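Computed from a prediction, not measured in an experiment: that's the story for all the values here. Order of the sequence lines sets the chain letters (A, B, ...), proteins ahead of strands, with each chain counted from 1.
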Protein chains: 2
Amino acid sequence: MTIELSARVTCTDCPIRHRAVCAYCTGDELDVLEQLKSYKTFKAGEPILWRADKLTYVGSLVHGVATLSKTLEDGRTQMVGLLLPSDFIGRPGRSEIEFDVVAVTDVTLCCFQIKPFEALIASTPHVAQRLVEMALDELDVAREWMLLLGRKTAREKIATFVQMLVQRQHIAGTDLPGQALSLPLTQEQIANYLGLTLETVSRQLGIMKKNGILRFSDRRHFEVIDFPALQLATGDDSDGGVLV
Amino acid sequence: MTIELSARVTCTDCPIRHRAVCAYCTGDELDVLEQLKSYKTFKAGEPILWRADKLTYVGSLVHGVATLSKTLEDGRTQMVGLLLPSDFIGRPGRSEIEFDVVAVTDVTLCCFQIKPFEALIASTPHVAQRLVEMALDELDVAREWMLLLGRKTAREKIATFVQMLVQRQHIAGTDLPGQALSLPLTQEQIANYLGLTLETVSRQLGIMKKNGILRFSDRRHFEVIDFPALQLATGDDSDGGVLV
DNA sequence: CGGAGTCTTGAAATATGTCAACTCCCGTGG
DNA sequence: CCACGGGAGTTGACATATTTCAAGACTCCG
């Protein structure tokens with residue numbers, strides 16, 4: 001299935017209408033957004049924003065997956081965020097970012113020039129409010145990830161990562177038929193997300209296949225067979241702390 | 001030197017007046033805060049807030065040091081934040097937190113009941129604006145720490161930690177005479193901040209003493225002797241990415 | 001003076017990283 | 001259509017940073 005990436009969609013028909021920065025907007029407010037917005041698309045692998053770039057626009061991710069990552073001088077890199085549909089790129093009142101944003105699949109962005117957008121924030125409390133809420137959510141996620149990076153074992157990291165994918169794809173309603181889930185990252189990218197090497201990721205995923213926890217239909221699609229075992233393997237407490 | 005912790009201070013004389021959540025407030029606005037605020041004090045080691053507690057108040061740290069930390073079922077813990085004077089506890093629009101807040105030294109908090117405070121946010125854009133700014137700063141710091149936790153070596157972690165202490169104490173204007181800096185955490189706490197064990201922290205600090213990078217006057221006070229070497233040891237790029 | 005908490009140091013264990021070879025895809029271009 | 005080539009993943013053997021376990025020393029405070 002190919003999606004026409006550049007197709008203009010009216011806000012009311014937008015797939016991320018109820019989760020993005022516009023979530024709380026009324027019909028009237030949407031009309032304003034409709035005037036200001038424009039779509040940008042990126043091919044898989046393309047950079048969306050580079051560290052220390054001046055931010056000229058901000059926007060919501062409509063289709064696809066992108067990553068935020070930071071890199072040390074010698075090339076070691078650490079992903080600090082995974083952007084799925086409805087996630088926002090850019091910051092209220094900040095003109096720079098200190099990480100790189102890269103499209104890992106083909107990506108469609110619903111963009112706003114930064115100047116008009118800042119005016120919009122000032123005049124539309126619904127947008128400002130949602131933006132704050134989203135920033136706080138990001139902070140919670142970042143801290144949950146700090147726990148993972150600092151204290152979890154390789155196996156726990158992988159299990160937590162898979163569980164997060166399940167939850168986020170479920171919430172987003174982008175579940176594929178059956179239990180099938182898409183794995184949008186290469187193992188190298190997963191490694192950079194989890195603070196591991198790609199070999200360790202490969203081995204741990206292999207073990208979870210052998211354990212009958214996961215089944216892969218192809219390189220990019222899998223399903224969780226043994227959910228309790230997955231949960232157990234995360235190392236989190238049994239009620240499963242939510243990790244959006 | 002002992003500070004009278006419970007002494008009520010007027011906002012205009014407050015040591016964190018220009019960095020805390022009230023930073024942008026006008027004199028009139030301060031008068032309102034003055035009415036609402038109250039001081040709370042905690043002894044070193046006391047819990048300030050417990051995970052999943054209902055948040056009944058929020059507040060700014062005036063004196064002392066506190067930590068935010070998350071703990072796994074089996075006891076492994078990871079610090080996810082270090083609170084120094086002017087830092088804020090609590091979230092606009094959130095009634096719970098998902099980590100523990102603990103005083104590591106004696107602590108004074110400038111508190112607001114949550115209900116009046118939320119009204120205040122709604123009516124005082126200066127407060128709301130500063131709160132957002134502080135949340136975004138926290139997010140940046142959290143992501144910088146993700147890079148540290150996921151990709152840095154023990155030595156780089158220690159060096160980065162020390163450098164952060166230097167910068168934050170410098171910014172806060174709490175420098176002690178000369179180059180002396182205070183080390184507010186035990187090595188076990190440092191270990192929990194850096195995702196290491198306390199033994200590794202001890203060994204690495206020992207090496208940095210031998211290398212002539214640090215000198216300790218007593219267990220809680222040290223100075224940086226070789227600043228370039230410290231910077232080099234962080235693993236960051238040479239211009240020294242700011243880590244507030 | 002005692003004792004608990006903190007720190008140091010050593011030896012041994014181990015999880016993960018490193019290096020290297022090989023396989024499996026999948027798309028491209030001849 | 002097939003062969004080729006390169007990216008992605010797998011697997012093994014080995015290296016090593018850090019943890020673990022353990023014992024002892026320091027130091028501050030009651």
Check every strand shown and say whether [X] touches a base, only sugar-phosphate, or nothing at a heavy-atom separation below 4.0 Å.
X      : value
A:T186 : sugar-phosphate
A:G195 : sugar-phosphate
A:R220 : sugar-phosphate
A:L205 : nothing
B:K209 : sugar-phosphate

Between [atom2] of [N] and [atom1] of [X], the distance in whole Å:
X      : N      : atom1 : atom2 : result
B:L198 : D:dT19 : CG    : P     : 10 Å
B:E156 : D:dT18 : CD    : P     : 9 Å
B:E188 : C:dC7  : CD    : P     : 9 Å

Salt bridge or not between A:E138 and A:R143? Use side-chain N to carboxylate O under 4.0 Å.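 No, A:E138 and A:R143 are not salt-bridged.
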
For C:dT16, does either OP1 or OP2 sit under 4.0 Å from a side-chain N or O belonging to A:T197?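 Answer is no, no contact under 4.0 Å.
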
Along DNA chain C (nearest heavy atom to each residue), the more 5'-positioned of A:T200 and A:R219: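 That would be A:T200.
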
Please tell me which of B:L185 and A:E199 maps to the more 5' nucleotide of DNA chain C, matching each residue to the nucleotide holding its nearest heavy atom.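 Comparing both residues, the 5'-ward one is B:L185.
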
Give the minimum heavy-atom separation between B:A191 and A:R151, together with the two atoms involved.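 Here B:A191 and A:R151 meet closest at O-NH2, 3.1 Å.
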
